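The model shown is predicted, which means the values in this text are computed figures rather than measured ones.
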Amino acid sequence: IGHALIGGPMRLFGFVFAIALTTGTVHSSFTQASTNELFAIDNVDISGVRDAIQMAPLHGLNLERYWNQDLEYGFQTNPSDPRFIFQAKNAYIKLLKHLNSGTVNPEYLGKNYLLKQRKFPTPTELTKIATDNGFNAVAILNQIAPRTPHYRSLQEALRRMTEMCSQNQWGDMPPVRRSLKLGDKDTLIPIIKTRLSQFGYKISSFDDIFDQETLKAINNIQFVLHFKPDGIISPGGQTWKYLGVSCEQRIEQIRVDLEKLRWLPREFGSRYIYVNLAHNYLTLIDHNQKKAETMKVIEGRPSRQTPTLV
């Protein structure tokens, strides 16, 4: 299995991943829950359904898409109403489908997205999942949602970014007035170091000196931005623009990456190739031989692009 990603790089809390904000026509992967699907979760407690749906934001999904004010009112006033239960469990199935297959069908994203939409468990399979998890709505959701290390790392990044945004810790980056390089001293360098630390780079000192740790972080950012690292932060340059992306944009980038991971198989098997286009490398994994080899790759061109998410 090849796994390729496009877009600019993102490093958060020790995890490097590619980002791509998708444009164009998209198609929802959800249709109305079938009678058999609803029957499969018939024994799931309605309060558990509510608790599970409240977890949608942890996966980068909009809670209002699944649990709106009308459903909350129904839960608070008459949770045993059959109409309310029907609507709530429909919303729960909708969330399960989105976590299993994605909110967007990748088959409609263009010729470079060579990936089939993941199939949702059949009613029989869903019944077994529900039974195995004691009809616990949260446990069922956790089994259906991706559980790969990459996905969980992005969930943690989303949590941290959301926290920093809400506490106004991710401030605007003031413009750099001169090029900054190793050994320079400037009042902006503590702000730069703080931002690098927020990205997950190791920064031990937050003084006003451009030190080796700062150089290493800047070189890494420049490498994954696809230009030869020079360790210099120039006024209006790509490195400065990367550091200055808003908190809201970073969160949206993580949400897009979570969506893309929902399109992928949950297991890659014992032997597979992982291609990271943003970093220009591939990794060959062979669990049987307990081997992992990494090498650089040459990407496609605008006229002959490398397929993504294969």
>> Please evaluate residues F135 and I41 with respect to the criterion side-chain contact (heavy atoms from CB on, under 4.5 Å), reporting the C-alpha separation (whole Å), side-chain torsions for both, the decisive distance (0.1 Å), and the verdict.
In response: CA-CA 7 Å; F135 296 98; I41 61 168; over 6 Å; no

> K97 and E37: salt bridge (Lys or Arg N to Asp or Glu O under 4.0 Å), yes or no, with the steps?
Replying inline: CA-CA 11 Å; K97 288 187 174 183; E37 288 171 340; 3.3 Å; yes

>> Using the rule given for side-chain contact (heavy atoms from CB on, under 4.5 Å), can you reason through V256 versus E259, listing the C-alpha separation, both sets of side-chain angles and the distance that settles it, and then say yes or no?
In response: CA-CA 5 Å; V256 170; E259 170 70 4; 5.6 Å; no

>> Set out, in order, the CA-CA distance, both residues' side-chain angles and the distance that settles side-chain contact (heavy atoms from CB on, under 4.5 Å) for S101 and R262, then state yes or no.
In response: CA-CA 6 Å; S101 310; R262 289 190 282 265; over 6 Å; no

>> What verdict does the side-chain contact (heavy atoms from CB on, under 4.5 Å) test give for R159 and L58, after you've listed the backbone C-alpha separation in whole Å, the side-chain angles of each residue and the deciding distance to 0.1 Å?
In response: CA-CA 7 Å; R159 184 193 69 79; L58 302 180; 6.0 Å; no

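Here the side chain of Q198 pairs a donor or acceptor atom with the backbone of Q169 at under 3.5 angstrom. The main-chain N or O of D230 is found under 3.5 Å from a side-chain atom of Q222 such that the two form a donor-acceptor pair. In this structure a side-chain-to-backbone donor-acceptor pair under 3.5 Å is missing from D184 to F210. Under the 3.5 Å distance criterion, the side-chain polar atoms of E213 are matched with a main-chain donor or acceptor of S204. Checking side-chain atoms of N90 against main-chain N and O of F86 turns up a donor-acceptor pair under 3.5 Å. Within the 3.5 Å criterion, the main-chain N or O of L264 finds a donor-acceptor partner in the side chain of R266.
In plain terms, the two heavy atoms of I189 and D208 that are nearest each other are CD1-O, 3.3 Å. Taking all atoms of both residues into account, the shortest heavy-atom contact from I53 to A88 is CD1-O, 4.0 Å. The nearest pair of heavy atoms linking L115 to E107 is O-CG, 3.5 Å. Y92 approaches A52 most closely through the heavy-atom pair CE1-CB, 3.7 Å. Looking at every heavy atom in both residues, P121 comes nearest to L126 through CB-N, 4.1 Å. Between R255 and N62, the shortest heavy-atom distance links the atoms NH2-N, 4.2 Å.
At least one side-chain heavy atom of M173 sits less than 4.5 Å from a side-chain heavy atom of R195. H59 places a side-chain heavy atom less than 4.5 Å from the side chain of Q155. Side chains of L71 and Q87 form a contact here, defined as non-hydrogen atoms less than 4.5 Å apart. In this structure, the side chains of L243 and L196 come closer than 4.5 Å at one or more pairs of heavy atoms. Side-chain contact between L188 and P174 is present, with heavy atoms from C-beta onward closer than 4.5 Å. Residues N105 and W263 form no side-chain contact, since every pair of their non-hydrogen atoms from C-beta on lies 4.5 Å or further apart. In this structure, the side chains of T131 and N43 stay at 4.5 Å or more apart for every pair of heavy atoms. Between Q253 and M161, every side-chain heavy-atom pair lies at or beyond the 4.5 Å cut-off.
Judged purely by distance below 3.5 Å, without hydrogens or angles, the side chains of E163 and Q167 never pair a donor atom with an acceptor atom.
Criterion: ILVMFWY side-chain heavy atoms under 4.5 Å apart, direct or through other members. Under it, I232 and L215 are not part of a common hydrophobic cluster. No chain of hydrophobic side-chain contacts below 4.5 Å, direct or via other Ile, Leu, Val, Met, Phe, Trp or Tyr residues, connects I233 to I209. By the rule that hydrophobic residues join a cluster once side-chain heavy atoms approach within less than 4.5 Å of another member, V245 and M164 end up as members of separate clusters.
Interatomic distance, CG of L63 versus CZ of R65, reported as 12.5 Å (0.5 Å rounding). With rounding to the nearest 0.5 angstrom, the CG atom of L99 is 9.5 Å from the CG atom of N142. Expressed to the nearest 0.5 Å, how far CG of N100 lies from NE2 of H98 amounts to 11.0 Å. For the atom pair OG of S246 and CD of E252, the computed distance is 10.0 Å after rounding to the nearest 0.5 Å. Distance check: S205 OG to Q212 CD gives 13.0 Å after rounding to the nearest 0.5 Å. Interatomic distance, OH of Y151 versus CG of L261, reported as 8.0 Å (0.5 Å rounding).
Within a 6.0 Å sphere centred on CD of Q69, other residues, nucleotides and ligands contribute 12 heavy atoms or fewer. The 12-atom threshold is not exceeded at CG of D172, counting heavy atoms of other residues, nucleotides or ligands nearer than 6.0 Å. Residue F39 qualifies as open at atom CZ: its count of foreign heavy atoms under 6.0 Å is 12 or below.
Using the six-membered ring where Trp is involved, Y272 and H287 have ring planes that are tilted, between 30° and 60° apart.
With ring centers used as reference points, Y73 lies 6.0 Å or more from W67.
Using a 4.0 Å cut-off between charged side-chain N and carboxylate O, K290 and D286 make no salt bridge.
Remark: of the listed residues K193, K185, K202, K193 is the sole one forming a salt bridge (Lys or Arg N to Asp or Glu O under 4.0 Å) with D211.
K216 forms no cation-pi arrangement with Y201, by the criterion of a distance under 6.0 Å to the ring centre and an angle within 45° of the ring axis. Geometric assessment of R50 against the ring of Y66 yields a negative cation-pi assignment under the 6.0 Å and 45° thresholds.
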